[in-house]
Amino acid sequence: MIPYSRQNISKGDIDAVVEVLKSDLITQGEVVPKFEKSISDYCKARYAIATNSATSALHIACLALGVGPGDLVWTSPVTFVASANCAIYCGAEVDFVDIDHLTFNLDVGALVAKLERARLTGRLPKVLIAVHLAGQSCDMESIHSLALEYGFRVIEDASHAIGAIYMGGKVGNCRFSDITVFSFHPVKIITSGEGGMALTNESEYARRMFRLRSHGITRNDHEMTRDADGPWYYEQIELGFNYRMTEFQAALGNSQFERIDEFIADRHAIANRYSTLLADAPVRLPWQHADCTSAFHLYIVRLKLDLMSNSHREVFESMRNAGIGVNLHYIPLYRHPYYVSRGFAFEDFPEAEAFYKQALSIPIYPGLGIEQQIEIVQQLLLSCGKLT
Ligand SMILES: *Cc1c(COP(=O)(O)O)cnc(C)c1O
């Protein structure tokens with residue numbers, strides 16, 4: 001099976017992990033801070049907090065921004081469940097903004113309309129989580145000005161988008177947001193096995209997230225409520241979690257990070273080849289905004305079903321049967337039983353519904369060969385059935 005995505009592990013990656021495993025500290029040593037510094041330097045953000053997953057990073061990002069019971073968090077429905085669950089963890093409620101039909105990111109027009117209605121009913125969101133689907137940034141400049149106008153905070157769920165560029169700056173610089181989150185799951189751009197990171201330019205958010213990552217404990221004198229009882233002293237000053245990344249995960253992350261530009265270039269080469277190979281295929285290719293350079297975590301096409309005899313499902317099954325690990329990113333979140341029970345109506349999200357009926361992710365990852373790409377495209381053409 002050719003998967004839709006997979007990790008690319010080198011001898012150097014393995015050596016880096018083994019070296020840490022042979023050292024004294026396999027958690028809470030110097031490798032995690034080094035990984036944090038590499039990523040914050042790369043993105044030009046002031047602070048970076050490594051976590052054991054992007055899901056954890058999203059959770060503590062929401063908490064750092066004060067999300068709690070009674071609050072609303074808005075996000076895109078076309079994303080992984082973690083983009084919304086993080087708000088529920090905090091006791092908040094989630095609502096969705098329909099997507100743009102070209103980028104499949106949340107649509108700023110729909111956002112403006114929803115904000116206007118929410119202002120009238122007094123139900124404005126506390127936080128908006130902008131998801132950079134497939135690795136292409138959302139329209140962050142517009143989102144940022146709406147955030148100022150309506151008084152909400154912004155988290156970028158950039159799980160797909162480390163290495164992407166928006167308006168000349170790296171995604172993660174937080175120029176138009178409060179916090180940006182990356183994922184280092186094996187299918188993502190670089191991996192640490194499991195892992196995530198939150199970036200911010202605000203010292204207060206950073207301090208909060210460092211603390212929440214590790215049980216709400218502080219060892220900083222100025223954060224403590226009393227003078228130290230002795231040299232052993234620390235204080236738990238709020239309820240936190242164990243969301244720490246291990247040293248050997250960070251070693252893998254650091255080693256992978258050395259190849260990030262190579263990985264992104266490979267993904268671009270693959271995407272460019274697909275555009276050529278698929279030029280005459282009955283699919284809509286991923287559209288790219290001029291302000292964005294995508295990280296191409298995913299390559300999502302939309303089937304032009306009216307031009308083919310087979311259905312979406314038949315194309316999907318036929319590809320899978322041929323050993324090509326196509327996928328669908330994503331089932332709109334309001335369709336999951338957990339969210340259905342919260343009372344969402346499918347017809348409120350016409351663009352997400354249209355997307356769900358046509359989308360198909362075809363394989364893209366560093367190491368995917370030209371021959372494999374040709375096979376994938378030939379199989380896709382066969383899987384569409386008779387063309388009309
Ligand atoms: C992968 C992913 C996450 C969660 O990442 P983990 O590191 O697996 O917790 C969150 N949001 C999006 C959009 C993702 O693709």
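Counting starts at 1 for both ligands and their atoms, in listed order.
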For Tyr330, take its heavy atoms, then give the atoms of ligand 1 lying under 4.0 Å from any of them. 15 (O)
When distances are taken from atom 4 (C) of ligand 1, the protein heavy atom at minimum range is Thr55 OG1, 3.6 Å
Atom 10 (C) of ligand 1 sits nearest the protein heavy atom Ser159 OG, 3.4 Å
For the side chain to side chain contact (heavy atoms under 4.5 Å, CB included) test, which of Leu146, Val73, Leu106, Ile155 pairs with Leu128? Leu106
Mark the output for [X] as yes if a heavy-atom distance to ligand 1 is under 4.0 Å, and as no if none is.
{"X": "Ser83", "result": "yes"}
{"X": "Lys188", "result": "yes"}
{"X": "Gly195", "result": "yes"}

Check this for me: Asn321, atom CG, are more than 12 non-hydrogen atoms of other residues, nucleotides or ligands nearer than 6.0 Å? yes
If you count the non-hydrogen atoms of other residues, nucleotides and ligands that lie under 6.0 Å from CZ in Phe346, is the total more than 12? yes
Below the 3.5 angstrom mark, is there an N/O of [X], backbone or side chain, next to an N/O of ligand 1?
{"X": "Glu194", "result": "no"}
{"X": "Thr79", "result": "no"}
{"X": "Ala54", "result": "yes"}

Side chains of [X] and [Y]: closer than 4.5 Å at any heavy-atom pair?
{"X": "His101", "Y": "Phe355", "answer": "no"}
{"X": "Ser40", "Y": "Tyr47", "answer": "no"}
{"X": "Ile260", "Y": "Tyr42", "answer": "yes"}

From the candidates Met197, His329, His160, His185, the one that places a heavy atom nearest atom 8 (O) of ligand 1: His185
Heavy-atom nearest option to atom 11 (N) of ligand 1, drawn from Asp157, Val187, Thr191: Asp157
Does Val127 belong to the same Ile/Leu/Val/Met/Phe/Trp/Tyr cluster as Val108, with side-chain heavy atoms less than 4.5 Å apart forming each link? no
Can you classify the ring geometry of Tyr330 versus Phe80 as parallel (below 30°), tilted (30 to 60°) or perpendicular (above 60°)? tilted
Which bit of Phe182 gets closer than 4.0 Å to ligand 1, counting heavy atoms only: side chain, backbone, both or neither? neither
